[in-house]
Peer 1: 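Input: one structure, supplied below.
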Amino acid sequence: MKVLGICGSLRKASINRMALHAAQALAPAGMQIDIADISEIPLYNEDVHTAGMPASVQAFRAAIKAADALLIVSPEYNFSIPGVLKNAIDWASRPPEQPFDGKPTAIMGASPGQVGTARMQYHLRQTLLFLNTQTVVKPEVFINMASGKFNAQGELTDEGTKKVIADLLLSLEKSGWPFPSVSPAGPRGRAPPLPAGKGHPPLAVCAVR
C-alpha cells in the first residue's frame, strides 16, 4: 500500500513531523509512507486558480490521486486546523476531479499540552467528511505531552504511543480494500432512485436515555 503522509507543520523540527517519521518506521510490511511537500503551495486565490493551477498544487493533487491512502499528521492552532494545512486541502480539493473522494485517510497529531490535538482532529474530520474521504474512526491518536516522548534525535521513545500509531496504520491498511468512491447521494447530491414499486423504507429511531 502506498500512503501519502501530509504534515500540518512546515517547521523542520516539528514534533508532528517527528511523529510522521515515526509512522514511517512503524508501518506494517507492504506499506510505504512518502511525505508530501506543501511548503511551496501559495495562499488560495480564485484569480490564480482561474489563470491555472500552480505547479506545486498540481504536484500535490497528483500525489494524492496516486496514493492508495493518506496519513495526515498535524498540530493544533487556536483550537483548530493550521492554516497551512487547510490551505493545501482547499487548493487540492478544487474542481475538476478533486482527489480526496473515496480516499482512505487516517489522522493523528502531537502537542505539548494535555489535549493532544483532539480539537483540531474533530474539525479536520468535518472537512474530510465533506470531501468524502473514508476516514479511519479508531483508534484516535492524540499524542499529548509530546515533548517528553521523543529523544534529542527526534525519535519516538514512548512505547504506548508506538503501539497506538501501529494500530492506526493497521486500521488504515484494512480500510484500503476496494470500495465504491461514489457518494451515496449520487451525482449532484441527488439520492439514487428506488427500485420500481418500492417506497421509502421506514425510519427507525432509537432513543438512549
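Bear in mind that the values here come from a model prediction, so they are computed numbers and not experimental data. Throughout, numbering of the chain's residues begins at 1 and tracks the sequence.
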Peer 1: Looking only at non-hydrogen atoms, find the nearest pair between Gly8 and Pro82 and report the distance.
Peer 2: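 Of all heavy-atom pairs spanning Gly8 and Pro82, the closest is O-CB, 3.6 Å.
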Peer 1: Do Ile107 and Val3 belong to the same hydrophobic cluster, where Ile, Leu, Val, Met, Phe, Trp and Tyr are linked whenever their side-chain heavy atoms lie under 4.5 Å apart, directly or via other members?
Peer 2: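 No, separate clusters.
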Peer 1: Give the cluster check for Leu71 versus Val136: same hydrophobic cluster or not, with ILVMFWY residues linked at side-chain heavy-atom distances below 4.5 Å.
Peer 2: yes
Peer 1: If every non-hydrogen atom of Leu172 is compared with every non-hydrogen atom of Met1, which pair is closest and at what distance?
Peer 2: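 Scanning both residues completely, I find the closest heavy atoms to be O-CE, 3.8 Å.
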Peer 1: Between Lys65 and Glu97, is there a side-chain heavy-atom distance shorter than 4.5 Å?
Peer 2: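 Glu97 vs Lys65: side chains touch.
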Peer 1: For Arg61 and Ala92, indicate whether the former's side chain and the latter's backbone hold a donor-acceptor pair under 3.5 Å.
Peer 2: yes
Peer 1: In the structure I gave you, are the side-chain heavy atoms of Ser111 and Ile143 within less than 4.5 Å of one another anywhere?
Peer 2: no
Peer 1: Does any non-hydrogen side-chain atom of Tyr77 lie less than 4.5 Å from one of Ser9?
Peer 2: yes
Peer 1: Could you work out, with side-chain hydrogen bond (donor to acceptor under 3.5 Å, both in side chains) as the rule, every residue matching Asn151, not counting sequence neighbours?
Peer 2: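 So Asn151 forms a side-chain hydrogen bond (donor to acceptor under 3.5 Å, both in side chains) with Glu155.
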Peer 1: Could you report the tightest heavy-atom contact between Ile33 and Ala27, atom names first, then the distance?
Peer 2: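 Taking every non-hydrogen atom into account, CD1-CB, 4.1 Å.
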Peer 1: Would you say Asp37 and Ser39 are linked by a side-chain donor-acceptor pair, where the criterion is simply a distance under 3.5 Å?
Peer 2: yes
Peer 1: Do Gln24 and His21 have side-chain atoms, one donor and one acceptor, less than 3.5 Å apart?
Peer 2: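 Indeed, the side chains of Gln24 and His21 share at least one donor-acceptor pair under 3.5 Å.
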Peer 1: So which heavy atom on Val57 is nearest to which on Pro42, and how close?
Peer 2: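 Reported closest heavy-atom pair: CG2-CD, 4.4 Å.
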Peer 1: Step by step, work out the side chain to side chain contact (heavy atoms under 4.5 Å, CB included) result for Leu4 and Ile64.
Peer 2: CA-CA 7 Å; Leu4 182 67; Ile64 295 170; 3.8 Å; yes
Peer 1: Can you find a heavy atom in the side chain of Thr157 that is under 4.5 Å from one in the side chain of Phe150?
Peer 2: no
Peer 1: Evaluate the side-chain proximity of Pro139 to Ser171: yes if any heavy-atom separation is below 4.5 Å, no if none is.
Peer 2: yes
Peer 1: Could you see if Leu168 belongs to whatever hydrophobic cluster contains Leu124? Use Ile, Leu, Val, Met, Phe, Trp, Tyr and a side-chain cutoff under 4.5 Å.
Peer 2: no
Peer 1: Is the number of heavy atoms from other residues, nucleotides or ligands under 6.0 Å of Gln58 CD greater than 12?
Peer 2: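 Atom CD in Gln58 is crowded, with more than 12 foreign heavy atoms closer than 6.0 Å.
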Peer 1: Parallel, tilted or perpendicular: which fits the ring planes of Trp91 and Tyr44, with parallel below 30° and perpendicular above 60°?
Peer 2: perpendicular
Peer 1: Do Glu159 and Lys149 make a side-chain contact, defined as non-hydrogen atoms from C-beta onward lying under 4.5 Å apart?
Peer 2: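 Of all side-chain heavy-atom pairs linking Lys149 with Glu159, none is under 4.5 Å.
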Peer 1: For Met108 versus Ile165, what's the shortest heavy-atom pair and its separation?
Peer 2: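 Taking every non-hydrogen atom into account, SD-CG1, 3.9 Å.
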Peer 1: Between Val73 and Val137, is there shared hydrophobic-cluster membership here, with clusters defined by ILVMFWY side-chain heavy atoms closer than 4.5 Å?
Peer 2: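 No, it is not one cluster - the side chains of Val73 and Val137 are not joined through contacts under 4.5 Å.
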Peer 1: Does some side-chain heavy atom of Met120 sit less than 4.5 Å from a side-chain heavy atom of Ser74?
Peer 2: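 Yes; the side chains approach each other to less than 4.5 Å.
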Peer 1: In the structure I gave you, are the side-chain heavy atoms of Phe142 and Val115 within less than 4.5 Å of one another anywhere?
Peer 2: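 The answer is no, as the side chains (C-beta and beyond) never meet within the 4.5 Å cut-off.
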Peer 1: Salt bridge between Asp167 and Lys163, side-chain N to carboxylate O under 4.0 Å?
Peer 2: yes
Peer 1: Check the side chains of Lys103 and Asn132 for a donor-acceptor pair under 3.5 angstrom, ignoring hydrogens and angles.
Peer 2: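 Short answer, no.
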Peer 1: State, to 0.1 Å, how close Asn144 and Gly113 come at their nearest heavy-atom pair, and which atoms those are.
Peer 2: CB-O, 3.2 Å
Peer 1: Check whether Leu128 and Leu20 end up in the same hydrophobic cluster, where Ile, Leu, Val, Met, Phe, Trp and Tyr are linked by side-chain heavy atoms less than 4.5 Å apart.
Peer 2: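 No; tracing contacts between hydrophobic side chains, which count when under 4.5 Å, never links both residues.
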Peer 1: Quick test of your reading: applying salt bridge (charged side-chain N to carboxylate O under 4.0 Å, His left out), list the pairs with at least one residue in residues 77-89, sequence neighbours left out, ordered by first then second residue.
Peer 2: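 Applying salt bridge (charged side-chain N to carboxylate O under 4.0 Å, His left out) to every pair that reaches into residues 77-89, excluding sequence neighbours, yields Lys86-Asp90.
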